[in-house]
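Structure, as structure tokens:
These values consider heavy atoms only, across backbone and side chains, with no hydrogens, waters or symmetry-generated copies.
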Amino acid sequence: TPTVAILSPLEGAEFYADEAIVFSGTIADEEDEVTELAVRWSSTVDGDLPLSPVADSQGEVGGILQLSEGQHTVQLSAEDSLGNQGIDQVSISVKAANSAPTCQIDSPLTGAVLEAGLPVLFEGTVDDVDQEPSTLQVTWMSDVDGDLGASTASSSGAVALQETLSAGTHLVTLQAEDERGVLCTDFVLLSFSSPP
């Protein structure tokens, strides 16, 4: 019987329906050349997968494609010239297509005039329908002072940062990035003045 092993995806892995998944496996047989074995990839949700039915000379098989939303058992099989079949399988989860996160600066509001050199508390809210807010990468920036720092969102999505900014007009941006690298931004225009 041919020996079969799925290298990718891994057991229990999670993906999005709009995400390309790498399928990789190896097959071997003591009697037949690996290039002569009949290879088949399949899914309990999508049926036969359109991946190459022939291994290369090293016994490697696979390709890249997307799967439908759902709980999949992905199976790789190899059959030799006598009809003996080797099988390996993994269970993976495919979620709905990824959605962009949302972010909003709650305080201070656009147009506020603040005193330069004094700490300002920036507050905002971030959210994502696909992952916990606390797992988002949240950063604050100023077009004058550059990177202001990062925040970790609470379970409800609240973020805060206390920072001192220089005198002048600042465009302050709140940015949140999800696990797929999709971004959201919100900004406020603030004036910082020096006291006489």
Side-chain angles (χ1 to χ4, degrees), residues 1-103 125-139 147 150-157 159 174-185:
T1 300
T3 57
V4 177
I6 295 176
L7 306 178
S8 175
L10 298 176
E11 175 70 27
E14 293 187 348
F15 301 93
Y16 292 100
D18 60 344
E19 179 178 0
I21 303 172
V22 175
F23 293 84
S24 175
T26 59
I27 61 174
D29 190 77
E30 292 185 3
E31 294 83 24
D32 294 350
E33 293 291 333
V34 289
T35 55
E36 298 173 354
L37 299 175
V39 178
R40 176 174 176 260
W41 287 90
S42 65
S43 155
T44 51
V45 176
D46 291 341
D48 285 346
L49 302 179
L51 297 167
S52 175
V54 179
D56 66 17
S57 60
Q58 303 300 313
E60 297 177 355
V61 293
I64 300 175
L65 55 82
Q66 297 174 350
L67 294 180
S68 304
E69 181 181 352
Q71 296 292 325
H72 295 249
T73 298
V74 174
Q75 187 178 91
L76 170 62
S77 65
E79 185 175 320
D80 65 17
S81 57
L82 297 177
N84 298 315
Q85 191 175 68
I87 295 173
D88 191 19
Q89 63 183 32
V90 294
S91 295
I92 64 173
S93 174
V94 179
K95 299 182 284 188
N98 184 48
S99 300
T102 59
C103 45
T125 307
V126 297
D127 196 16
D128 194 302
V129 298
D130 301 311
Q131 62 187 93
E132 290 295 320
S134 60
T135 63
L136 296 170
Q137 301 295 318
V138 180
T139 54
D147 185 15
S151 296
T152 300
S154 68
S155 58
S156 63
V159 293
L174 168 64
Q175 177 178 285
E177 180 179 347
D178 70 10
E179 61 189 1
R180 293 280 305 281
V182 180
L183 303 173
C184 68
T185 57

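In this structure, the side chains of Val34 and Val61 stay at 4.5 Å or more apart for every pair of heavy atoms. Between Ser91 and Glu11, the closest side-chain pair of non-hydrogen atoms falls below 4.5 Å. Contact of the Ile92 side chain with the Leu67 side chain is registered, since non-hydrogen atoms from C-beta on lie closer than 4.5 Å.
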Practice task
Report the C-alpha separation of Phe23 and Val74 in whole Å, then their side-chain angles, then the decisive distance to 0.1 Å, and conclude whether the side chain to side chain contact (heavy atoms under 4.5 Å, CB included) test is met.
Solution key: CA-CA 10 Å; Phe23 293 84; Val74 174; 3.9 Å; yes
Exercise for the section: Evaluate the side chain to side chain contact (heavy atoms under 4.5 Å, CB included) criterion for residues Val90 and Leu10: first the C-alpha distance (whole Å), next the side-chain angles of each, then the deciding distance (0.1 Å), finally the verdict. Expected result: CA-CA 7 Å; Val90 294; Leu10 298 176; over 6 Å; no
Exercise for the section: Go through the steps for Ile87 and Val4 under the test side chain to side chain contact (heavy atoms under 4.5 Å, CB included), then give the verdict. Expected result: CA-CA 6 Å; Ile87 295 173; Val4 177; 6.0 Å; no
Practice task
Would you please test Thr44 and Gln89 for side chain to side chain contact (heavy atoms under 4.5 Å, CB included) and show each step?
Solution key: CA-CA 11 Å; Thr44 51; Gln89 63 183 32; over 6 Å; no
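Shown here for Glu69 and Ala17, the closest heavy-atom pair between the two residues is N-CB, 4.3 Å. The two residues Gln85 and Thr1 make their nearest non-hydrogen contact at O-CG2, 3.3 Å. Residues Thr152 and Ser134 share a closest heavy-atom pair of CG2-O, 4.2 Å. Of all heavy-atom pairs spanning Gly25 and Trp41, the tightest one is N-CZ2, 4.0 Å. Considering every non-hydrogen atom in both Pro2 and Ala78, the closest pair reads CG-O, 3.5 Å. Contact detail for Val45 and Ser68: the closest heavy-atom pair is CG1-CB, 4.3 Å.
Atom CG of Leu174 and atom OG1 of Thr185 lie 8.5 Å apart (nearest 0.5 Å). To the nearest 0.5 Å, atoms CG (Leu37) and CD1 (Ile27) are separated by 4.5 Å. In this structure, the separation between CD on Gln131 and OG on Ser99 is 10.5 Å, given to the nearest 0.5 Å. Here the CZ atom belonging to Arg180 is positioned 4.5 Å from the CG atom belonging to Asp18, to the nearest 0.5 angstrom. The CG atom of Leu183 lies 5.0 Å from the CD atom of Glu177; values are rounded to the nearest 0.5 Å. Note that CD of Glu19 is 9.0 Å distant from NZ of Lys95, once rounded to the nearest 0.5 Å.
Within the structure, the side chain to side chain donor-acceptor pair (under 3.5 Å) test picks out the following pairs touching residues 22-36 (sequence neighbours left out): Asp32-Ser81.
For Glu132, the CD atom sits in a loose shell: 12 or fewer heavy atoms of surrounding residues, nucleotides or ligands are nearer than 6.0 Å.
Checking side-chain atoms of Asn98 against main-chain N and O of Asp130 turns up no donor-acceptor pair under 3.5 Å. Side-chain N or O atoms of Asp88 include one that pairs as donor or acceptor with a backbone N or O of Ile6 at under 3.5 Å.
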